[in-house]
2 protein chains.
Amino acid sequence: MVTIKDIAKKAGISVTTVSRALNDYYDVSPTTKALIQSIAKEMGYVPNRSAQSLVKQKSNTLAIILSGLEKEGGKDNIVYGMLSGMYAFAETVNYEVALFTTSTAQQKKKSYVQFCKEHNIGGAVVNGIRTDDPFFEELLHSDLPCVLIDVFMEGKNTCNISIDNVKASQQAVEYLIKNNHKNIAMINGRKEASVSVERQKGYINALTASGIEVKGDYLVYADYLEETAYEKTKELIKKFPEITALFCASDMMALGSIRAIKNCGLCIPQDISVVGFDNIPLSAYSTPALTTISQDFYFMGYEASRQLLKMINNEPVKKNVFLKHKLLERDSVAMI
Amino acid sequence: MVTIKDIAKKAGISVTTVSRALNDYYDVSPTTKALIQSIAKEMGYVPNRSAQSLVKQKSNTLAIILSGLEKEGGKDNIVYGMLSGMYAFAETVNYEVALFTTSTAQQKKKSYVQFCKEHNIGGAVVNGIRTDDPFFEELLHSDLPCVLIDVFMEGKNTCNISIDNVKASQQAVEYLIKNNHKNIAMINGRKEASVSVERQKGYINALTASGIEVKGDYLVYADYLEETAYEKTKELIKKFPEITALFCASDMMALGSIRAIKNCGLCIPQDISVVGFDNIPLSAYSTPALTTISQDFYFMGYEASRQLLKMINNEPVKKNVFLKHKLLERDSVAMI
DNA sequence: TTTAAAATCCGATACGTTTCGGATGGTAAA
DNA sequence: TTTACCATCCGAAACGTATCGGATTTTAAA
């Protein structure tokens with residue numbers, strides 16, 4: 001391993017000056033600067049990040065904390081999108097990304113704060129962490145800058161980023177109403193998740209605004225799981241055959257619903273219309289193609305990390321950032 | 001930040017002993033060990049990875065080098081699968097993973113070797129890098145341990161991991177032949193990629209073994225892209241209406257082919273049968289569900305990193321590791 | 001009692017980099 | 001000639017940890 005000491009020796013110059021030359025400081029002459037840089041290149045010098053991070057007490061690294069890169073969890077491509085967005089942004093500012101996942105398996109899991117401290121990390125983007133996770137609490141109470149994606153909590157030094165979930169789901173349900181649907185059920189995710197609450201609010205808003213009675217029985221929770229949605233949908237449409245439309249709080253659940261509906265011998269959208277949420281790749285390939293609320297997860301990851309960097313640099317940021325969404329009309333909704 | 005010095009002071013004990021206690025060395029008494037560990041916990045001590053990595057000259061980190069976490073590239077979920085497998089393994093051995101992607105955009109991209117040196121990384125898992133990438137060449141010539149997924153090249157300190165692509169595609173085509181197909185075309189990927197070569201070999205093997213003439217015109221390249229496959233398939237089935245079956249070297253291309261076939265007013269599998277390759281999530285949701293060769297990318301990432309760690313620790317490893325595959329019969333193939 | 005061996009501890013140094021505080025020599029203004 | 005100011009350089013300390021080589025005490029064997 002070639003170090004700045006080696007360069008210094010070869011150039012007959014002090015270590016200090018080599019360091020300052022390589023970092024392009026003003027107080028080293030253009031001549032020596034050029035000399036040193038050429039020697040560095042010639043010797044194949046690579047700066048040692050550990051040493052840099054140790055002495056500078058920071059590491060040019062952003063953390064992303066995820067609920068888990070699970071074997072079967074990635075079908076929706078959401079995490080992938082956020083990740084790639086984050087990496088894309090980090091690259092533009094010469095930062096790196098450290099990915100930390102909470103393994104459900106591992107009992108003695110490490111605290112998020114600890115992870116960041118270990119690595120001299122300045123701040124974290126957080127997604128998919130359960131709000132009752134004790135380590136999440138600890139993170140919120142620490143003064144590490146955090147950007148929370150799709151979860152609304154207040155911490156010591158946090159901000160939130162997401163689409164306007166209320167408006168988006170309201171829009172989705174209004175679209176169904178516009179297509180003359182009145183008996184509209186909702187397959188929601190986990191009751192506790194803040195996005196679920198928001199999306200439910202939008203559903204109710206749309207119904208009441210159109211003078212449609214909100215029936216508690218039409219509202220079921222499927223944990224954002226395809227399989228659960230499949231079962232709940234089956235029960236639902238057997239119990240309430242008058243239902244003509246379904247609003248699902250995620251595309252994965254919508255896919256489960258679609259399967260359930262087909263399985264009951266009904267047709268989509270002729271018998272029952274379905275609207276999803278997220279616009280995951282699968283939704284475009286299902287039959288029928290799923291009408292859904294489109295979110296740009298790549299951009300979300302990109303923006304989240306951009307916000308984070310601002311916070312790390314003590315620049316002012318908005319506490320709540322709302323990104324754009326879009327209703328994507330495809331083939332799973334019909335006029336009745 | 002609380003350091004071992006702080007602990008030493010509080011415990012009235014030397015820094016050396018604190019370090020050795022925390023690392024559970026044999027030559028510190030159980031009493032002091034317990035004392036120090038409790039003080040460490042109480043003070044919220046977190047070891048500084050930079051300092052550790054600096055002094056130990058290594059970092060307990062595995063690199064994964066990918067061709068890019070691109071916005072649109074992740075639809076097949078393959079990279080995600082490998083990633084999660086790698087993280088899962090790394091966790092079991094208390095290692096971390098550093099992800100490095102080659103941005104097509106960024107001109108002044110950094111060499112892979114440089115990245116590893118900077119971070120004191122002991123070795124890398126590599127996937128999807130073009131074989132003519134100069135930095136890839138450099139990596140192969142370096143003595144960094146490398147596990148190459150799905151690419152067959154020999155380096156100074158490398159090994160390869162993949163399924164038996166020849167056998168797998170041979171099996172796929174044999175399956176079509178068993179269903180009485182004789183005019184079987186193949187949509188292959190990039191001609192240069194080694195997996196393409198292998199899969200083509202399997203295709204030809206199967207045909208010749210059954211005494212079916214291999215027609216050069218039946219073999220087209222679509223770059224592993226859905227859209228290109230769509231177009232090439234259209235041309236193909238217009239030009240050669242006798243074709244009754246298609247073997248595609250990837251599921252993404254198969255999805256393009258399916259769309260093309262439908263678009264020509266033909267039915268799958270009644271008019272044309274299709275077999276894909278990979279078993280990506282989308283393949284199960286397409287209509288008809290795609291018959292395909294199933295690979296376990298999670299396991300591939302897991303095994304690749306397991307191999308890598310062995311190489312880093314100078315344990316002996318096999319030069320070529322073949323993982324299992326499986327022909328997954330679904331609904332896109334019919335007997336004629 | 002002496003001696004050897006085990007158990008337990010510690011000082012000093014090293015890892016590679018940055019940075020504080022100053023040193024040196026040269027140039028221009030007073 | 002003196003003074004002040006640049007431009008350019010450098011020594012030494014610091015970051016937090018691990019480890020080599022040895023020191024000290026305790027225990028057990030002879």
Side-chain angles (χ1 to χ4, degrees), chain A residues 1-37 39-40 43-61 94 96 113-122, chain B residues 1-37 39-41 43-61 94 96 114-122:
Chain A
M1 167 173 278
V2 30
T3 72
I4 54 172
K5 264 185 205 167
D6 303 324
I7 299 177
K9 206 175 292 170
K10 185 150 189 175
I13 265 183
S14 83
V15 171
T16 304
T17 306
V18 173
S19 172
R20 297 179 81 84
L22 292 174
N23 290 309
D24 210 27
Y25 271 60
Y26 65 97
D27 67 347
V28 29
S29 78
T31 341
T32 43
K33 219 180 252 185
L35 171 70
I36 289 174
Q37 270 155 5
I39 293 186
M43 298 180 74
Y45 169 73
V46 173
N48 184 312
R49 295 249 176 192
S50 303
Q52 287 180 323
S53 153
L54 180 59
V55 68
K56 294 215 282 195
Q57 303 279 57
K58 62 168 210 153
S59 71
N60 277 31
T61 304
N94 237 318
E96 305 202 328
V113 175
Q114 189 176 348
F115 176 79
C116 291
K117 279 194 183 168
E118 268 185 16
H119 292 272
N120 285 331
I121 287 176
Chain B
M1 168 173 278
V2 30
T3 73
I4 54 172
K5 264 185 205 166
D6 303 325
I7 299 177
K9 205 174 294 170
K10 185 150 189 175
I13 267 184
S14 82
V15 171
T16 303
T17 305
V18 172
S19 171
R20 298 179 80 83
L22 292 174
N23 290 309
D24 209 27
Y25 271 59
Y26 65 96
D27 67 347
V28 28
S29 76
T31 341
T32 43
K33 219 179 253 184
L35 171 71
I36 290 174
Q37 271 155 4
I39 293 185
K41 188 167 223 174
M43 298 180 75
Y45 169 73
V46 173
N48 184 312
R49 295 249 176 193
S50 304
Q52 288 181 323
S53 153
L54 180 60
V55 68
K56 296 216 280 195
Q57 302 279 58
K58 62 169 210 151
S59 70
N60 278 30
T61 305
N94 237 316
E96 305 202 326
Q114 190 176 347
F115 176 79
C116 291
K117 280 193 182 168
E118 269 184 15
H119 292 272
N120 286 331
I121 286 177

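Note that the coordinates shown come from a computational prediction; the quantities given were computed from them, not determined experimentally. Within every chain, numbering begins at 1; the chains are lettered A, B, ... in the order of the sequence lines, protein sequences first and strands thereafter.
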For Thr32(A), report the nucleic acid contact type (base, sugar-phosphate, nothing); a contact means any heavy atom under 4.0 Å.
sugar-phosphate
Strictly by salt bridge (charged side-chain N to carboxylate O under 4.0 Å, His left out), give each pair with a member in residues 51-60 of chain B just once, sequence neighbours left out.
none
Taking only residues two or more places apart in sequence or in another chain, which ones pass side-chain contact (heavy atoms from CB on, under 4.5 Å) with Leu22(B)?
Ile4(B), Ile7(B), Val18(B), Ile36(B), Gln37(B), Ala40(B), Tyr45(B)
Going 5' to 3' along nucleotides 14-24 of chain C, which nucleotides have protein heavy atoms under 4.0 Å from the base (write B), which only from the sugar-phosphate (write S), and which from neither (write -)?
BBBBBBB----
Hey, where on DNA chain D does chain A first and last touch, going 5' to 3'? Cut-off is any atom under 4.0 Å from a heavy atom.
dT8(D) to dG16(D)
Going by the rule side-chain hydrogen bond (donor to acceptor under 3.5 Å, both in side chains), which residues pair with Ser59(A) if we only count those two or more places apart in sequence or in a different chain?
Thr61(A)
Taken in chain and number order and not counting sequence neighbours, the residues that satisfy side-chain hydrogen bond (donor to acceptor under 3.5 Å, both in side chains) with Ser53(B) are Ser50(A), Asn120(B)
How sharply is the helix from dT1(C)-dA30(D) to dA30(C)-dT1(D) bent, taking the axes over five pairs at either end and rounding to 10 degrees?
50°
Are the side chains of Met1(A) and Asn48(A) in contact, using a 4.5 Å heavy-atom criterion?
yes
Phe115(A): what forms a ring pair (Phe, Tyr, Trp, His ring centres under 6.0 Å) with it, not counting sequence neighbours?
Phe100(A), His119(A)
Quick one: salt bridge (Lys or Arg N to Asp or Glu O under 4.0 Å) partners of Glu96(A), sequence neighbours excluded?
Arg49(A)
Output all residues satisfying side-chain hydrogen bond (donor to acceptor under 3.5 Å, both in side chains) with Asn23(A), sequence neighbours left out; order by chain, then residue number.
none
Which residues satisfy the salt bridge (Lys or Arg N to Asp or Glu O under 4.0 Å) test with Lys10(A), sequence neighbours excluded?
Glu42(A)
Residues passing the side-chain hydrogen bond (donor to acceptor under 3.5 Å, both in side chains) test with Asp24(A), sequence neighbours excluded, are Lys33(A)
